[in-house]
Enquirer: 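First the structure, which I've put down as structure tokens, then a few questions once you've had a look.
Just so you know, ligand 1 is whichever comes first in the structure, and atom 1 is the first atom listed for that ligand. Because the structure is predicted, anything quoted here is derived from the model rather than measured.
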Amino acid sequence: MSDLDGKRILLIIGGGIAAYKGLELIRALRKKNASVRCIMTRAAGEFVTPLSVASLSGDKVYSDLFSLTDEAEMGHIELSRDADLLVVAPATANLIAKMAHGEADDLASTALLATDKRVLIAPAMNVRMWLHAATQRNMAQLKEDGILSVGPDEGEMACGEFGPGRMAEPSEIVVAIENALKGATVLPFPGAQVAGGVARLEPPRPLAGRHVLITAGPTHEPIDPVRYIANRSSGKQGYALAAAALAAGARVTLVSGPVGIEPPEGVAVVPVETAIEMQAAAEKALPADIAIFAAAVADWRVAEAGQHKLKKTGEGAPAMQLVENPDILAGISRRKEKRPELVVGFAAETQDVIANAKAKLDRKGCDLIIANDVSAAGGVMGGEDNTVHVVGHGGVETWKTMKKADVAARLIALFAQRLKPRHG
Ligand code: CTP
């Protein structure tokens with residue numbers, strides 16, 4: 001049975017070229033046994049016909065706030081509350097602006113203002129309009145109001161320009177709808193904040209009640225009291241994952257090697273220096289539902305680090321014996337007791353990225369490996385962007401290049417989906 005089985009979606013179709021994708025969305029939702037009732041704005045009628053919307057949705061299309069027949073059949077209040085979720089696709093710049101300002105001058109905007117349900121929008125507009133300070137301001141307002149959004153995607157647009165502004169694909173919107181519905185509740189509900197007399201809906205918190213353990217940053221392996229072996233890891237990806245897990249409602253323990261960035265507020269940070277300390281702190285943090293090993297652990301440490309600063313003796317360089325550090329990820333993956341439900345490793349590779357990641361998945365006994373190319377040309381180490389391959393036992397998915405914070409948010413959403421649901 002699909003997550004959408006029997007769910008009622010009120011789809012508001014805005015007036016944009018992407019309205020035709022709204023038709024595909026209706027089809028996809030109905031295929032999953034959801035019922036779809038549609039409101040079209042007046043401008044939407046310029047792009048798709050009410051007849052095609054009605055025949056795909058199998059229901060009457062509503063468009064007029066003051067139509068006696070529309071209102072007699074179902075008033076705007078009832079229309080907006082009779083659904084499990086309101087979806088605006090495409091959400092035009094104009095509709096977004098109206099929502100941000102609480103305007104209600106047609107059926108679509110009135111239903112959006114009158115609803116007590118979650119609202120998910122799929123913005124679609126010209127790239128300049130999307131990037132305009134006014135639209136970004138309105139989006140920030142909607143986010144603060146608890147409105148959920150999906151997309152826009154980047155790509156070539158109907159107007160010939162390139163950039164963000166394309167409406168998310170219907171398949172992506174369906175996934176966003178499923179996620180939104182997992183957290184949907186009728187107001188008032190526990191967790192709804194009342195600010196200035198306005199009840200807000202909290203964004204979904206798929207990791208509420210879960211504990212997420214994350215290792216991040218490099219380790220420093222002492223040679224003597226002033227020197228150490230280290231690597232170029234900045235800790236950014238691990239810290240971004242901690243922020244995303246926190247935002248998803250989890251309790252987060254971040255076991256961090258020495259880094260130069262601030263941890264997100266609300267995360268329990270355990271600062272460590274060496275691999276041995278990192279291992280002890282990670283083991284101590286168990287049990288956890290998800291363990292994510294984003295640290296760049298030094299593979300070796302100096303067998304006997306000097307108690308005092310090594311001095312030049314005039315007899316050449318000192319001989320240094322290295323011993324292998326414990327593999328923290330493999331150790332926790334193979335635990336019989338307190339093994340987290342989902343164990344995720346990272347693979348920083350400079351060649352044969354996917355083949356090496358697959359081998360690492362088996363060698364370490366974890367559930368997923370997030371692989372990335374850290375060869376200098378990619379600028380991943382210390383940089384803001386990351387291109388990852390999600391390598392699991394079922395196959396490989398390559399994601400487009402994104403900001404580390406976006407990679408983190410998507411990874412956390414994926415990990416949350418992999419956990420078995422809890423009942424009660
Ligand atoms: N890892 C770990 N403990 C170690 C080494 C690695 O927990 N002592 C974890 C890392 O946090 C990462 C994953 O293992 O999630 C892969 O790390 P990587 O350094 O790429 O793997 P190695 O085992 O060192 O393999 P290779 O020698 O091929 O680089």
Side-chain angles (χ1 to χ4, degrees), residues 212-222 228-242 245 252-259 270-286 288 290-303 322-335 338-340 342-376 378 380-382 386-393 396 404 407-408 411-412 414-415 418:
V212 177
L213 163 66
I214 300 174
T215 69
T219 62
H220 286 181
E221 308 297 334
Y228 54 82
I229 302 175
N231 59 62
R232 293 185 194 280
S233 166
S234 64
K236 279 182 190 161
Q237 188 65 79
Y239 275 52
L241 282 159
V252 182
T253 305
L254 178 62
V255 178
S256 173
V259 294
V270 187
V272 296
E273 295 245 331
T274 65
I276 301 274
E277 286 170 9
M278 186 173 272
Q279 182 184 40
E283 299 269 348
K284 196 169 162 216
L286 297 178
I290 303 177
I292 307 169
F293 295 86
V297 184
D299 288 322
W300 302 281
R301 67 179 183 277
V302 178
L322 297 179
V323 287
E324 204 165 318
N325 268 328
D327 191 317
I328 309 168
L329 163 62
I332 290 187
S333 284
R334 300 201 190 284
R335 282 179 78 102
K338 292 200 204 165
R339 184 199 191 270
L342 187 71
V343 179
V344 183
F346 271 72
E349 305 287 350
T350 54
Q351 54 193 354
D352 299 331
V353 179
I354 291 173
N356 279 327
K358 280 186 179 158
K360 218 161 261 183
L361 188 69
D362 294 333
R363 202 164 67 238
K364 308 234 179 193
C366 54
D367 306 301
L368 287 173
I369 286 276
I370 312 304
N372 49 21
D373 188 340
V374 292
S375 50
V380 167
M381 282 269 185
N386 204 355
T387 317
V388 302
H389 312 271
V390 180
V391 182
H393 294 285
V396 181
K404 285 183 179 173
V407 171
L411 284 175
I412 291 294
L414 175 80
F415 301 161
R418 300 267 305 219

Enquirer: Give the contacting part of Pro326 toward ligand 1: side chain, backbone, both or neither, where contact means a heavy-atom distance below 4.0 Å.
Expert: backbone

Enquirer: How does Glu349 reach ligand 1, if at all, at less than 4.0 Å between non-hydrogen atoms: by side chain, backbone, both, or neither?
Expert: neither

Enquirer: Are Val396 and Lys358 side-chain neighbours, meaning at least one heavy-atom pair lies under 4.5 Å?
Expert: yes

Enquirer: Decide yes or no for Glu221 and Val302: does some side-chain heavy atom of the first lie under 4.5 Å from some side-chain heavy atom of the second?
Expert: no

Enquirer: Is there a nitrogen or oxygen of Ala298 sitting under 3.5 Å from a nitrogen or oxygen of ligand 1?
Expert: no

Enquirer: Using a 4.0 Å cutoff against the non-hydrogen atoms of Lys360, which atoms of ligand 1 qualify?
Expert: 16 (C), 18 (P), 20 (O), 21 (O), 25 (O), 26 (P), 28 (O), 29 (O)

Enquirer: Could you pull out, from Phe346, Trp300, Phe293, the option with a heavy atom nearest to atom 13 (C) of ligand 1?
Expert: Phe346

Enquirer: Checking side-chain polar atoms at under 3.5 Å, does Tyr228 have a donor or acceptor matched by the opposite partner on Thr274?
Expert: no

Enquirer: Considering only NZ, NE, NH1 and NH2 on the basic side and carboxylate oxygens on the acidic side, decide whether Arg339 and Asp367 come within less than 4.0 Å.
Expert: yes

Enquirer: Side chains of Phe415 and Val212, heavy atoms from C-beta outward: is any pair under 4.5 Å?
Expert: no

Enquirer: Give me the residue, atom name and distance of the protein heavy atom closest to atom 14 (O) of ligand 1.
Expert: Lys364 NZ, 2.9 Å

Enquirer: Give a yes or no answer on whether the side chain of Asn372 reaches the backbone of Thr387 with a donor-acceptor pair at less than 3.5 Å.
Expert: no

Enquirer: Is there a side-chain contact between Leu329 and Phe346 (heavy atoms, below 4.5 Å)?
Expert: no

Enquirer: Of the backbone atoms (N, CA, C, O) and the side-chain heavy atoms from C-beta on, which set of Leu329 has a member under 4.0 Å from an atom of ligand 1: side chain, backbone, both, or neither?
Expert: both

Enquirer: Quick one: nearest non-hydrogen protein atom to atom 5 (C) of ligand 1, plus distance?
Expert: Val297 CB, 3.8 Å

Enquirer: With a cut-off of 4.0 Å, which atoms of ligand 1 are near a heavy atom of Gly345?
Expert: 15 (O)

Enquirer: Out of all atoms in ligand 1, which are within 4.0 Å of some heavy atom of Arg363? Include the element for each.
Expert: 25 (O), 28 (O)

Enquirer: Kindly indicate whether the side chain of Cys366, heavy atoms from C-beta on, has any atom under 4.5 Å from the side chain of Val344.
Expert: no

Enquirer: Shortest non-hydrogen contact from Gly238 to Leu254?
Expert: O-CD1, 4.3 Å

Enquirer: Please report which non-hydrogen protein atom sits nearest to atom 3 (N) of ligand 1, along with the residue it belongs to and the distance in Å to one decimal place.
Expert: Ile328 N, 3.0 Å

Enquirer: Flag Ala295 as yes when one of its N or O atoms lies below 3.5 Å from any N or O atom of ligand 1, and as no otherwise.
Expert: yes

Enquirer: N/O to N/O below 3.5 Å, does that happen between Asp299 and ligand 1?
Expert: yes

